[in-house]
Structures are given as structure tokens and as C-alpha cells.
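The structure under discussion appears below in the form of C-alpha cells.
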Amino acid sequence: MPPRQPAKQSGSTGRKRKLGSAGTDVPDADNNGSTTAKKPRTNKGSKAKQREPVNWPEYFDSLFKALNTVLAFCASRKNFAITFPVVRQSVEGLLKQPLDLSKVAELKALLPDTVNFAYIPKAELRIHAESQDTSKRRENSPDYAAFGSQGASNSSVGAAADDDEHVLVLDLQENSRGKKSSNPGFAHGLPPALTPEATKKLINKRNERFIQAVNELLEATSKHDDPVTLLQAAARDHIPIDPSSRSFNKLSQSDSKGNQRIVPDPADRPAVDAVIEEIEEQEWYQDQIVDKRIVEAKDGHIEEIDPPLSETIAQALRDSRKITSLYTHQVAAIRALSQGKHVIVSTSTASGKSVIYQVPVLRFLEEDPASTAMFIYPTKALAQDQRLALEQLLYTCPGLEHIKVYNYDGDTPQELRAGIRESASVIFTNFDMLHASILPHEDLWRRFLKNLKLVAVDELHYYSNIFGSHVAQVMRRFRRVCAAVGNRRTRFVSCSATIAKPKQHMQSIFGIEDVEEVTEDGAPSGRKDYLVWNPPLIDPMDETSGRRGSLTEATRLMRFLMARGIRVILFCKIRKSCELAMKALRSELAADGRQDILDRVMAYRGGYSQHDRRKIEAEAFSGNLLGIVATNALELGVDIGVLDAVIMLGFPMGGLASFRQQAGRAGRRARDALAVFVADQFPIDQHYVKNPSELFDKPMNDLVIDLDSKVMLEAHLQCAAHEMPLMDDDAVYFGPHMKEICDTRLTQDKDGWYHTHPKFLPFPAKHISLRGGEEEKYSVIDITRVGKPGGYPQILEEVEVSRALFELYEGGVFIHQGLTFIVKEISHDSKIAKLLRSDVNWITEPRDFTNTDAAQTYRIREIKDSPWRAYYGRVELKTVVYGYFKNRNKAIIDAVDLDTPPYERESTGMWMDVPRPTLELMKNSGINAAEAIHAAEHAFMNRFALAADLKTECKVAEKEYKATTSQRKRPARLIFYDPTGTNGGVAVKAFDHVSDLLQRALDTVESCPCQEGCAACIDSPTCKEGNLVSSKTGALVVLKAILGRPIDVDLIPEYPEPIAATQDTIIPAVTVRAAEDIEVEKA
Ligand SMILES: [Zn+2]
Ligand SMILES: [Zn+2]
């Protein structure tokens, strides 16, 4: 991890005042540390007078005021943007003089964040109006018929044919999101039309801002310069260009000074540190960089290998890879393998790991042409990439050109499989195939297994938690079968990202002891700059005003980098933000007139068809793409070629390990690279903003697998017995619980062999799926072109049932590659959604909740030293999407009710009730019970090693802080459940260790030095609702109560703020029915 570098002391020394930045949101006081007196904020200031006789600010004072009046008036009546010609007419009427584009551009230069002056697609403007029309009707369900007919009959629907018509809009934007609240972002209902009084206030506020900006400009101007001339010069860059005009391409290629606006070839791009300096000089730079550190370039270390490679292998490496020497870690791994050891290599991304698998295979094949090898990858895409790479190498290796290499996975056609089994020397596969196809047919694979010299498992860190636990059992079955066919010499080699304890993880996954660990990275690397980027406060004077949107910050940074030829990947946490970022890039780049860049940006995420994904990967790899907007689907090592910069939008769900892995995606040997973490406003993000060194220095969590789960072990023993009957001495593979399970769950013959229980026959492997059940999917079909010449319905993507409810509802906006579609029709019976392409400039946000209800108690357990108990049993889940919001620029422009069928399913879970007296106590002392319970749930899960495979009922801020009384009351209960579609078995683990987990949760929260809760105690990166409903005090009270501890008076606020009646959403929990004869288990 990067050594600590002195962070830039942002803002401590006179930062440059830039023309234009002097606008609305640069605080005078942000020169913290400097002692200059505050500048006058509102009056015209004495300095302006000293500047006489410059005709200032009258130069355009009247103009601004006229504009302001017209626009405020428009805003008071309508809620959509106004075209420039309309504004011009009114302003010219007021001023009795012509309004030039250049004048408006000067205002834009002065107030860049306030004045919105750009060409937007005409379709977008029109839909503003339609949105208003439909919202006026406010029917219960979206009035799709009306939308459809209007939409379909005009050109907003119907592909790109008329996408290129643009109109110039002019608008003044608010810099605050209205009334602030301690709980971010949940203003409800439509923004009301402005009253005359509010309009007046708005006008005054903007006028003040304008005057302030002028004052700041005057101050920043040196004696020898004329502020007006400066402003006029700056304004040239702010004159919008119509992207649909003929001259656009020519114009947009050059800036005001006539410089060519061409993206440099990535090979000629500027150095990262120069670009960072340039960023800090931009008008939009407001000290967002809160931490900066550098990892210096490092030379590679090479080593001679002994015994040396054969001349043929050396030649193949040279010819196909241009490799003439090996790095120390490669040599160490290859040497250990040739000494018969098992090896784990844990080094940085792009350190040349594939050579570690390939060279030994070539050596084995040269020694013995009958040798076989198996390469295991977590995804088919990775396996295909790597198969091609090995084929190329073999092809250039004299004597090995004929060697047969295949992918063997779910996509391999049945009719080819027998041929592969018979002739393959190397197969590229995955654990699912090993489990369900290879091991059950070991008799057909005997040649291959007997001659198996090497098994390479790539991306070992991928196998943890429940999936990893299954894989560990599959490996044990596999080693047993190999031994049974007489092969005990197979060597295992594995590579992983940098993880906490690589050797230990390999030992537990493979069930082997003798493992050589290689962690010394001999590959060279370029210099890398890490930035932590915190979006500025909306109101710089007010910490509670919230921060500007992280998405806008991230896309602006991305555009800035791409324009300089820096190839960027933007990682988003979820699919939706990935599409929103792509959508933002589309409109921003179009408004900038940078179609040239837009053509080279794509989104990449789960849900896209395999075909589309391969296409994007290929585009990226070839170097055609300048930017990729991706989810963590690209965290794994799919080779998309060289990237220069990584931007992480929000702290990744996968925690620190994901953070480091994503950051590692940028940078190759010879060049410098950049990794930027753009923080969200969520508590966990802000925690790392305050403690950035943790991003680099804090040790990662150990990867966890669970070998003690009897449920899982039994499932694999049923499979193993089918592969070959089990004997007592197979306990060397399956551990001490094997015999007990075999005796009770399998059948034993008279010779003592155990066989699969008949109820699992004939295919026991079909009863378990390593990654959980495959979900049913909805087909998402674009019907825009249907009925037009040559038009036919097209499948856009497939969406899993568990997501479909939230993404596909009538009237909802569905985004694909940043393009918006409207869901016209959805059938839950046929699982088909029909969509129309439509350029809307709002998005929709489902309004939903999931009730997690304990339905039946199977087990009860004492909690140590407490009168209360924990329960395990059946849990019913009910998700209701009861409507959606239409949002534009984070403002809700419409709320639509929906009547969709609830999505119900069952699972297993564990729960603990909050004692009634504690609930009363919280209510009387102003502690919000929903916040308390939610925080306690996450505190509990944070201490549980298998929490990645466990879920809880996250509290939704929209529900908890609602202005009207919520009808949805929830029991005072901490509840955790196994995700549906998995094999479960995690909640019961939590139940078995409940006393210990509660105690550790309490200890952690109690000893945590933070004030209001942090990532170390009560916040979780996996919280579905961003940890917004949360209280550290509340968590302490709840945990203590359940543990039967006295609650210290310190925790009870002295003068409690009464909780609004509407926020009273928690009711006492009622005991869940249980069979009468359940014995209470001891703590
Ligand atoms: Zn804390
Ligand atoms: Zn949560």
C-alpha cells in the first residue's frame, strides 16, 4: 500500500482566485488559516467606488437584473427550462436594447454555477412540457396511454433519427436544495409554484450573489488590468455552440483562442501531476481534494530461473509476448512448482500472473506430452481470454503447436463435450462445472485426471463467504477423486489480488498444508497519484447544508481527464448509478459539443447481454474507448487493456478490498496513473474522508469460509458418495463431522461403504448450486421501432426477478447505455417488459419497502446473562413497490402511485426482540427507535464474519422521516435473514453465536471514539439505505437491553427532543408462534 505522503494543505495558503470562481459558492472564509478580513458579501463595497471611472458594475448590472426578473417570473409559473429566444424577447422589451449572446456569456463566466446556458436536445425540452401535462392529471397509475400517444406520435420516440436537433436554453439555477434537514434529501411532494413573495426573495438573493461575484472579481484584478476586458475575454469560452449546426464540428474542435480541441492520443497525454495542477486551477475547483498521496514509480526486479527455460519455451515467450526475462515473483512461483510445491501468489494487478500458470504447463507438456492441466476462473469471460492467450503461446512453441486447449463451461455445446474429454490437454473451466459436470462423470474424465499435473485457480480472493465455502468442499471432492484414480502428484497454483492472509486462504480452500507463499512483487510499476475528492458543501458557510452531488463531480472530472487523452474507468456501486453517470456524460458531453469524446465512452455492467459485454471489452481493449462507466462487474481481471485513471464514485460496497482492487485497475508499468475516490455524502464515505490513511494502511478483513456448516457438508457428501462411495478414512478430506453425517444422512452397505441417500439420486449435484439458485429473468424489450419500416422488437437486456420489481414498472424510466426508455407495459405472467425509447430528462425512483416478518420459530436460545432470548425460524419477506417519484436534478417533480402485486418469498432468519420497557424508555427520552434498531443491526452484522451473505431489514429514510403518519408500523426487533435464492445456512450461524456477537457488537460501539457512529462501529458499506437512519446512542441502548445490562443514565438525553408523532414507526414486538415442545438452548 502507498506510503504516506504529506497531503496538500488545501486552502491554507493563498489559493488562486480564478475568474468565474468568484461566484456563488466559494466561501470567503475558506481561506482557513489566513487572517484576511472577510470581504463584504452584500453591499456594493467601497472598493468598487475606488475603481471609478470604470463603468462598473453598471456595465451590465441592469442586464443581470432584467434577466433575473424574467427568469424568476418564468420559474414562478412553470417548472421547466426556457429557451433563449423566449427570454431574449422579454429582456429586450425591458431594457429597450438588444441582448447579445456574448453578454449572457459574460454573466456565465462570472457566475458559472448559477447561469445555465447551453444547447440541449430539442426532444428533452419538449418532454419537460409533457411531464408537466401528465403530472397535472395526477392519476393513480401513470397515464401511459396519454404519454404513449403523445410520445410516439412525435419525434421524441424513435431512435436517433432526430436526436440531433438542439435548442439553446437559458436558466438561473438555485444553489441550495431548499430547506435543509438534518436527514439528507427527503423533501416530499412537488415543489410548489412560487408565491409572489418568494419570487421577490429569489430575485433579491440572486442579485446579491451577482454583486458579490463582481466584488470578488474586482478584488482579484490587478491594478494594471481592466476587469471588463478580462471578463469579456473569459466569456468567449462560454458562448454555446449548437451541436446540430453544420459549423459545429469545425467550431467545437477549437477553443476561443483557436486551439484545436482534439483529444490527444493517449500515448501523448500529459503527465498526471500536471493534470492535477490544472484541475486545481479550474473555476469549478473548490478544494475538493482533501487527501493526496503518491506512490512513486518502482523498477522491476528480474531473476534468472534455474533450471533455465528450454530454448523452445523461451522462444515462445519472446515471439508471442515479447518476454525475455522473468520477474522475481514469477521465478519464485515457477521454481516452487517445479520443486513439487503448491503455490499462492498475491501481488498487484498486472504483475504478469498468467505466465506463472503458463510456463509450468509448457514445461510439463515438454517433459510428457500426455500431461494435462486445468485452469479455473470465476467467470466464463476470463476463462475465454486466458484460453486464447495460452493458445497463442503454444502456437509459437516448437513441438507444442498441436496441443489441444478448450473452454469447458456451461456454454460448451453438448455434442462437443465428449471430444473435449477425449482429446484436451488443457481445459479452462469454473468450479460450477467441476462440481456439476466433471466430478459426477469422473469415469469419463479418467485419462485427464490421471495425467493432471497442474490446477491453476485464478482470482482466489473471489472465493470467500458462502460461495468460497462451497468451493472448498468441491476441492476436497476433487482431490479425493484424483487420489482414487492414482494421481497424488497434482500441483495447485493460485493467484489473487493482495489479500490479508493468502497462504492461509489457499490452505483452507484447497484443504492442503504445504503451500509456498509469494508476495514480493517484482514487476515494475509507474508512479500513481491517489486523491480523495469530497464534493463541496452546497452552502459553504453551513456544514449541515449537505454536499453537492458526487455523480456530477465524478462525471466532470471524467470529462476533464478524457479531454486530455487520459483513459478513465468510472466505477459505480450499483447498476443504476452506472446508468445515471452514463446519462449525465451523454448530456454534458453533448452540451460541451464533445461528440468526439461521447463516441468513445460506454457503460458496462451486469445485465447486459454476453454479446454486448464482449463487444465493449473488445472496444476497450483495442484502445478505442476513452472512458468506461462500470459496476464492479469489471473488478475481476477481464483484460480491457491499459487504463490511466480510475474514479470511484462512492465507497465500494465490497469495502476496502474492493477499493484497493478498483484502484489497482489503473496504471501499467511505464506510465503514471491516477486513482480518485469521489466521496458520497453517506456516513461511511465521509468517514474515509476524515480518515483517508485508513484507505491505504488499514489491514483488510480476512477472507472467511465456513467448513463447519453441516448443511453444506452434507450436500457435498451426498455428491462425493455418488462419485465414489465413502469410507471412514475419507475424513482426511471432509473433517471430523463426516462420520456423524454419513451415519445419519447417507446409507451404508454391508461392507461399510456409504452411498448417497436415494432421495438425492440420480444427480445429487443438481440439489446444490454453488452460487445459489439461478433466478428467473424478465426480458426487457425495446418496441420503439415496431410498426416502422424495417422495425422489429429488440431484446435490450434480461433482468433478474428480484430486481425487476424495482426497475420495471409502468411509466418508469429504464436506462440502458445512458439512454432513457419508458416502460410501456409489463406482464408479470410472461415476464416481459415492453419499452419505448424516449429522451426524457427526469428519472424515476421506485417507492418501496420490504417487510421482513418472523413467521415461525424453530429454535430458541438463551442470551448469556440476559433474561431475553434469540430466535431462529422461518421468515416471510414482502416487497411492495407502491409508486415512484419522477426526479429531475434531485427535485421530485411528480409522485405517482402504483398498484403492483407484492413480491413475496420465504427464507430462514434469526431475530431478537427489543424489550418493551426499553422501547418505552427510548420513546420517552427522544431516542428514535427505528434509528436505534437499524444501527444495532449493522453493529451486530459488522462483527459477524459471514455477514456478506446475511441480510437485515434496513430502515428507509423516506419512510422513517415522512411528514405524514406512516401506516407501516414495524415490530421492535433486530432481524437477520438468509438471502433468498441461496442455500442459506448463514443466519443459523449467527444464531449459534448470538451471545458472543452481541457482546462484541456492544464492546465495539462502546469503545469506538467516534461521535455519531462510523464505519468501524455502526455503519455498513452494504446498507441498502446508505446508513441514513442511524443512531449510535440508540444502538448502545438496544444492545445493552438485549444483553440484559443496565442502561447508563449518560445515554439518556437530559432534555429530550420529542420525536414527531409521524416518526413513531416502531411498535412492540409480539412473540412469534413456535411448536410447544421447543427446548430452549443454553447460551
Ligand atoms: Zn464509531
Ligand atoms: Zn441498513
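When a ligand or atom number is given, it counts from 1 through the structure's own listing order.
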Would the distance check show the side chain of Thr857 and the main-chain N or O of Arg859 forming a donor-acceptor pair, the cut-off being under 3.5 Å? no
Contacts of Phe814 meeting ring pair (Phe, Tyr, Trp, His ring centres under 6.0 Å) (sequence neighbours excluded), chain-then-number -> none
Below 2.8 Å, which protein N, O or S atoms neighbour the Zn ion (ligand 2), ignoring water? His934 NE2, His938 NE2, Cys954 SG, Cys1023 SG
Across all chains, not counting sequence neighbours, the side chain to side chain donor-acceptor pair (under 3.5 Å) partners of Arg1045 are Gln999
Is it true that the side chains of Asp680 and Ser550 contain a donor and an acceptor less than 3.5 Å apart? yes
Answer yes if the side chains of Gln681 and Gln686 hold a donor-acceptor pair under 3.5 Å, and no otherwise. no
Arg874 side chain to Ser907 side chain, donor-acceptor N/O pair below 3.5 angstrom: no
Looking only at the side chains, is there a donor atom on one of His461 and Gln661 sitting less than 3.5 Å from an acceptor on the other? yes
At less than 2.8 Å, how many protein N/O/S atoms surround the Zn ion (ligand 1)? Leave waters out. 4
Thr1065 side chain to Glu960 side chain, donor-acceptor N/O pair below 3.5 angstrom: yes
Pair Tyr809-Thr844, side-chain donor/acceptor within less than 3.5 Å: yes
